[in-house]
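The next block holds one structure in the form of structure tokens; read it before the comments.
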Amino acid sequence: MSKKLIIKIVSLFTILLMTGCQKDDFTFGSITTPSNLKVTAEIVGKTADAPYGDGSGIVKFAATADNAISYKYVYPDGTSDNAPGGKISKRFTKTGVNTYTVTIVATGAGGVATNTTIDVEVKSDFSDDQAIQLLTGGSSKKWYWAAGEPGHLGVGQNDGDAEKNFFPNYYSAGAFEKANSPNSSCLYDNVLTFSLDGDQLKFQLDNGGATFFNKDFGSVAGASGLSEDMCLSYNTGAAKTVSLSPSESVIMNNPKHAEQTRGTTMNFSDNGFMGYYIGQNSYEILSLTANRMVVRAVMGGNPALAWYHTFTTTPPNQNPNPSIDYTNLVWQDEFNTDGAPDPAKWVYDLGRGDNGWGNNEKQNYTSSASNIKVQGGSLIITAKKEASGGADYSSARLKSDGKYSFTYGKVEVRAKLPSGGGTWPAIWMLGQNYATKPWPACGEIDIMEHVGNNQNVIHGTFHYPARFGGNADTASKTIPNVSTEFHVYKTIWSPESISIYVDDTLIHKLANTASLPFNSDFFLILNVAMGGNLGGAIDGAFSQSSMEVDYVRVYQ
């Protein structure tokens, strides 16, 4: 059966220029609508005996139009290619013989456009069902940067040197290297999900709100002229469609090294990318198992460079570089003696404070054993619904102010949090110089804040003169079972950085500098507030709930 090409002119987009009575104040350039749009499609390998091509799935398109300055091809899966000269080759990868309706848009001066469609019926013999199974586990699977592996991110040459094109010979990241700077640590927040939607492979990137950009592409996130790679706020968008195609890299084309690649390339729709933004949406799979993947991608705009990424199905343990950890235990309270908290280590904040401690909180802080006590190896701070000091709720706030303060180190607090709408427990630190440098000049480090109205979301926050109150420097992550299980809430504070963790999950990180107030003594605070600016509405059914603290430890 001979192959038919069907060309249909769909519509002509025009712009109507409307003029008013007033004198024109501006001069517009020429606006010309493209016309006589024609498209041809050559199916590679098409013969009388192979009417649908040679099985490669490749179609060569050529478009011409009068007054056109650019062309765009839009494919049925939502992906598209720009073709300034009108010519492009497209590989269709769905296995078997399939018909594709392709839309071609010709754009003229002033942005006016004309479009047409063409139907192509083409055959693709390529498939990699095993890769789809390994990527998705048959339904959906999450992948993470193999941050603990040296070389999980690297770059090498991509040219005619057959002996050097197959490894990152220019740069190779050390284990957890990118965790050491707030400009790059967002890389390890990435969660890459591959899933099946019917017979279609899909991909979703959760970047935690920020993407690690190659400096050459910062303008994509609105930050031009970067001097180094940097984490920038960027929305990665909805799920992308992934098509698989045969690899065509310098590796695959060199018989001596073809065994170093799987021979499959993943092509992501809608500018999809695998965590690190390099202006590329096609990734060659070098190796793939059920729990480990290595891919290679040629850098967008610079075909002389190839980037290498390694992923695993195990979330990275983002404990920081051991060189800035602290291991010498210098101060602690294990809460092993029942009764009131140790007065040699702790004092209380009492009363309602200024305007509910400045946050419109609804509790009165007391030192009553019904609100705060040491029992059974834990410090127990209980918020209760009861009339207390002119408030409708009572609770407690304990601090080491005047008893113990320190500069730099690691703080670990093992705790189980209260629950209930309106509860607002916190583990935090305040600059000891608050009397002479009133907040926020004294600085504040919130190691943990939890809002009962948003259960299991843990916030880590820094307050300082440029960022405080509602504009604080903050981040959060969902941690399961914070009110039913103990977790270790931790900060590692050095002259270079301050990192906040739950167990070994990084919540937030700040680059410390001499201009910030985080280079002098701070003291510790433990409390449970009710309501207020962050705690929000209090559940009418709330009666009482407690924060239990197993220990507080400081290392230097």
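The basis for the numbers below is simple: all heavy atoms, side chains too, and nothing from hydrogens, waters or symmetry mates.
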Legend entry - From Phe203, Tyr276, Phe268, Tyr308, residue fulfilling ring-ring contact (aromatic ring centres under 6.0 Å, His included) relative to Tyr283: Phe268
Inset, instruction - Taking all non-hydrogen atoms of both residues into account, name the closest pair between Gln432 and Ser405 and its distance. - result: OE1-CB, 3.5 Å
Legend entry - Asp521 and Asn433: side chain donor to acceptor below 3.5 Å: no
Legend entry - Verdict with supporting geometry, Glu334 and Arg553, salt bridge (charged side-chain N to carboxylate O under 4.0 Å, His left out): CA-CA 8 Å; Glu334 303 294 325; Arg553 297 171 181 169; 2.9 Å; yes
Legend entry - Check: His450 and Tyr489 side chains under 4.5 Å, non-hydrogen atoms: no
Inset, instruction - Check whether any side-chain heavy atom of Asn512 sits under 4.5 Å from a side-chain heavy atom of Trp493, and report yes or no. - result: yes
Inset, instruction - Please step through side chain to side chain contact (heavy atoms under 4.5 Å, CB included) for the pair Tyr551 and Leu379, ending with a clear verdict. - result: CA-CA 8 Å; Tyr551 58 74; Leu379 171 71; over 6 Å; no
Inset, instruction - Would you check if the side chain of Asn456 reaches a backbone N or O of Val482 as a donor-acceptor pair within less than 3.5 Å? - result: yes
Legend entry - 4.5 Å side-chain heavy-atom contact, Phe335 and Asp550: no
Inset, instruction - Supply the atom-to-atom distance Asp342 CG to Ser400 OG, rounded to the nearest 0.5 angstrom. - result: 12.0 Å
Inset, instruction - With Ser394 as reference, evaluate Asn371, Asn364, Thr382 under the side chain to side chain donor-acceptor pair (under 3.5 Å) test and give the passing residue. - result: Asn371
Legend entry - Chi angles and distances behind the side-chain hydrogen bond (donor to acceptor under 3.5 Å, both in side chains) call for His508, Asp473: CA-CA 9 Å; His508 196 23; Asp473 189 340; 2.7 Å; yes
Legend entry - Non-hydrogen side-chain atoms of Val220 and Phe213 separated by less than 4.5 Å: yes
Inset, instruction - Check the side chains of His459 and Asp446 for a donor-acceptor pair under 3.5 angstrom, ignoring hydrogens and angles. - result: no
Inset, instruction - For the residue pair Tyr464 and Phe518, categorise the inter-ring angle as parallel (less than 30°), tilted (30 to 60°) or perpendicular (more than 60°). - result: perpendicular
Inset, instruction - Compare every heavy atom of Gly156 with every heavy atom of Asn169, then report the nearest pair and how far apart it is. - result: OD1-CA, 3.1 Å
Inset, instruction - Ignoring hydrogens and angles, tell me if any N or O in the side chain of Ser172 forms a donor-acceptor pair with the backbone of Gly154 under 3.5 Å. - result: no
Inset, instruction - Just say parallel, tilted or perpendicular for the rings of Tyr393 and Phe542, cut-offs at 30° and 60°. - result: tilted
Legend entry - From CA spacing to verdict: side-chain hydrogen bond (donor to acceptor under 3.5 Å, both in side chains), Glu444, Trp428: CA-CA 7 Å; Glu444 177 181 330; Trp428 51 298; over 6 Å; no
Inset, instruction - State, with a plain yes or no, whether a side-chain heavy atom of Ile538 is found less than 4.5 Å away from one of Asp392. - result: no
Inset, instruction - Mind jotting down which residue pairs meet the salt bridge (charged side-chain N to carboxylate O under 4.0 Å, His left out) criterion with at least one end in residues 366-391? Sequence neighbours excluded, please. - result: none
Inset, instruction - Measure the spacing between OG1 of Thr478 and CD of Gln455 and express it to the nearest 0.5 Å. - result: 10.5 Å
Legend entry - Ser140 and Ser195 side chains, donor-acceptor separation under 3.5 Å: no
Inset, instruction - For the residue pair Ser515 and Thr513, confirm or rule out a side-chain donor-acceptor distance under 3.5 Å. - result: yes
Legend entry - ring-ring contact (aromatic ring centres under 6.0 Å, His included), paired with His152, selected from Tyr188, Trp307, Tyr171, Tyr144: Tyr188
Legend entry - Rounded distance (nearest 0.5 Å) linking atom CE of Met293 with atom CE of Met266: 5.0 Å
Inset, instruction - Verify whether one side chain among Thr289 and Asn291 offers a donor that lies under 3.5 Å from an acceptor in the other. - result: yes
Legend entry - Lys/Arg cation over aromatic Tyr501: Lys490, 6.0 Å, 45° cone: yes
Legend entry - Non-hydrogen side-chain atoms of Thr193 and Val191 separated by less than 4.5 Å: yes
Inset, instruction - Work out which heavy atom in Ser378 is nearest to a heavy atom in Phe486; give both atom names and the distance. - result: OG-CZ, 4.4 Å
Inset, instruction - Could you give me the CA-CA distance, side-chain angles and deciding distance for Asp401 and Trp346, then say whether side-chain hydrogen bond (donor to acceptor under 3.5 Å, both in side chains) is met? - result: CA-CA 7 Å; Asp401 183 13; Trp346 303 102; over 6 Å; no
Inset, instruction - Would you check if the distance from the ring center of Tyr434 to the ring center of Trp439 is below 6.0 Å? - result: no
Inset, instruction - Mark yes when over 12 heavy atoms from residues, nucleotides or ligands other than Lys141 sit less than 6.0 Å from its NZ; otherwise mark no. - result: yes
Legend entry - Flag for Asn527-Tyr365: side-chain donor and acceptor within less than 3.5 Å: yes
Inset, instruction - For Asp349 and Lys399, indicate whether the former's side chain and the latter's backbone hold a donor-acceptor pair under 3.5 Å. - result: no
Inset, instruction - Could you tell me whether a side-chain N or O of Gln363 sits under 3.5 Å from a main-chain N or O of Met530, the two making a donor and an acceptor? - result: yes
Legend entry - Trp143-Asn190 side chain donor-acceptor pair, cut-off 3.5 Å: no
Legend entry - Pro182 to Leu510 - nearest heavy-atom pair and separation: CG-C, 4.4 Å
Legend entry - Spacing of CZ belonging to Arg296 relative to NE2 belonging to His309, to within rounding of 0.5 Å: 12.0 Å
Legend entry - Heavy-atom pair with the smallest gap, counting every atom of Thr366 and Ser388: CG2-OG, 3.7 Å
Inset, instruction - Output yes when a side-chain donor or acceptor of Asp270 lies under 3.5 Å from a complementary backbone atom of Gly272, and no otherwise. - result: no
Inset, instruction - Check the surroundings of atom NZ in Lys477: do more than 12 heavy atoms from other residues, nucleotides or ligands lie under 6.0 Å from it? - result: yes
Inset, instruction - Report yes or no: is the cationic atom of Arg397 (NZ for Lys, CZ for Arg) under 6.0 Å from the centre of the six-membered ring of Trp357, at an angle within 45° of the ring normal? - result: yes
Legend entry - Side-chain H-bond candidate by donor/acceptor type, Asn360 with Asn533, under 3.5 Å: yes
Inset, instruction - Indicate yes or no: at least one non-hydrogen side-chain atom of Asn519 is less than 4.5 angstrom from one of Thr407. - result: no
Legend entry - Nearest heavy atoms of Ala391 and Lys362, plus distance in Å: CB-O, 3.4 Å
Inset, instruction - Taking the six-membered ring for Trp and the full ring for Phe, Tyr or His, determine whether the centres of Phe406 and Tyr408 are under 6.0 Å apart. - result: no
Inset, instruction - For the residue pair Trp424 and Asn359, confirm or rule out a side-chain donor-acceptor distance under 3.5 Å. - result: no
Legend entry - Residue pair Asn481 / His487, side-chain donor-acceptor N/O under 3.5 Å: no
Inset, instruction - To the nearest 0.5 Å, tell me how far Leu417 CG sits from Ile427 CD1. - result: 6.5 Å
Legend entry - Side-chain donor-acceptor contact under 3.5 Å, Asn271 with Tyr277: yes
Inset, instruction - Examine distances only and state if a side-chain atom of Ser545 and a backbone atom of Ser419 form a donor-acceptor pair shorter than 3.5 Å. - result: yes
Legend entry - Thr261 (side chain) donor-acceptor with Ile285 (main chain) under 3.5 angstrom: yes
Inset, instruction - For the residue pair Val242 and Ser269, establish whether any side-chain heavy-atom pair is separated by less than 4.5 Å. - result: no
Inset, instruction - Enter the distance from Ile445:CD1 to Ile500:CD1 here, rounded to the nearest 0.5 Å. - result: 7.0 Å
